[in-house]
Asker: 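Input: one structure, supplied below.
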Amino acid sequence: MASKVTKIGVLTSGGDSPGMNAAIRAVVRTGNYHGLEVYGIMRGYQGMIEDDIIKMESRSVANIIQRGGTILKTARCKEFFEHEGRKKAYDNLKNRGIDGLVIIGGDGSFRGAVKFSQEFDIPCVGLAGTIDKDINGTDFTIGFDTAVNTAVEAIDKIRDTMDAHDRIFIIEVMGRDAGYIALHSGIATGAENILIPERKTNMNDLITSLLEKERRKKLVNLIVVAEGDEFGGANEVQKLLQEKLPKAEIRVCILGHIQRGGSPSCIDRLIASRMGYHAVESLLEGRHNVFVGILNNKMHYLPLEAAVKNKGKISDEWMKIVKILAS
Ligand code: ADP
Ligand code: F6P
């Protein structure tokens, strides 16, 4: 039987996402509630390797539930890809007597945690903190709802000026490998076209429909593009379209990192609090090396290995809805 954890570490890793602070708060306070010592590891795996670790108490996480970013900071850490780096990190945790780890991050951070947990005897629990929502086995990831609402607010504003000028707008949202932000924000703003990495786009059909609009003197069209789409993002799509529609006024807006910041939405605060609480409960109950997800409003635990990218899982139903509602 696994020994009971007494001191846990919590870190945020990879791209930050709104709600990470709410998750940290939940981990610290649930840990304290159970009499555990809780340590904050700064800058993700980098801080683990550099022993940049601080003791956290209930007061350390006061007044952060509403704040974007992460008080623990985050990083992408090259050294953690190597066994040597992970060994350094392990030694630091061991020296401090930390015997459980909560990792809040995306699929890359989980891949790191899988390796770490296979090599060393410190149990890990992952919380899906990513605006991309590209983690398998959970309906929610911390930050997605806020990011999508930020995108919707911005796109609504762009639509006003687009309509006023009868222009084509191509708006690029985040999502290197995943089209969820584009799909959700595009449907919610009535975009005529949504281009995502998971699906092929028929550029000829798109051009034909725009030429037809031009012929009818109704050339106003909103296109939402995920940064990782097959053409290489909004600027590339603009080039392709402008070539075939030389007279059209085509404007590009790249929303960029604005989607990663800001105060987390109510949903993100709630799921972060719930997941943070369950991460500590998992460690205490001996449910190790899993990630905590929510499926059909129930907590759901899958091995960390299973949290691979949810690529290609966007349903045909969604794509049909996009097509019908934009016609
Ligand atoms: P995210 O967690 O948001 O997907 P990244 O993919 O950048 O972000 O991963 C965050 C960090 O996790 C990386 O900088 C690295 O330290 C660690 N990591 C990612 N993949 C691996 C891997 N295959 N092996 C070891 N560590 C990894
Ligand atoms: O994974 C989250 C994410 O915001 C992606 O959507 C985006 O491609 C990437 O991170 C951007 O990373 P960085 O902040 O390192 O430029």
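We count ligands from 1, going down the list as the structure has it; atoms in each ligand are counted the same way.
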Asker: Quick check: does G106 get an N/O under 3.5 Å from an N/O on ligand 1?
Answerer: yes
Asker: Please state which part of K115 comes within less than 4.0 Å of ligand 1, counting heavy atoms only: side chain, backbone, both or neither.
Answerer: side chain
Asker: Tell me which one of M174, E227, R260 gets a heavy atom nearest to atom 8 (O) of ligand 2.
Answerer: E227
Asker: Do F291 and F110 have ring centroids that are under 6.0 Å from one another?
Answerer: yes
Asker: Please work out whether any backbone atom (N, CA, C, O) or any side-chain heavy atom from C-beta onward of Y45 is under 4.0 Å from ligand 1, and answer side chain, backbone, both or neither.
Answerer: side chain
Asker: Please confirm whether D107 approaches ligand 1 to less than 4.0 Å, judged on its heavy atoms.
Answerer: yes
Asker: What about R111: any of its N or O atoms under 3.5 Å from an N or O on ligand 1?
Answerer: no
Asker: Would E57 and K55 pass as an ion pair if we require N to O under 4.0 Å?
Answerer: yes
Asker: In the protein, what heavy atom is nearest to atom 6 (O) of ligand 2, and what distance, to one decimal place, separates them?
Answerer: D132 OD1, 2.7 Å
Asker: Could you list the atoms of ligand 2 found under 4.0 angstrom from a heavy atom of R76?
Answerer: 10 (O), 12 (O), 13 (P), 14 (O), 15 (O)
Asker: Using distance alone, decide if ligand 1 has a nitrogen or oxygen within less than 3.5 Å of any nitrogen or oxygen in G15.
Answerer: yes
Asker: Working to the nearest 0.5 angstrom, can you tell me the gap between K239 NZ and I170 CD1?
Answerer: 11.5 Å
Asker: Would you please indicate if the ring centroids of F116 and F120 are separated by under 6.0 Å?
Answerer: yes
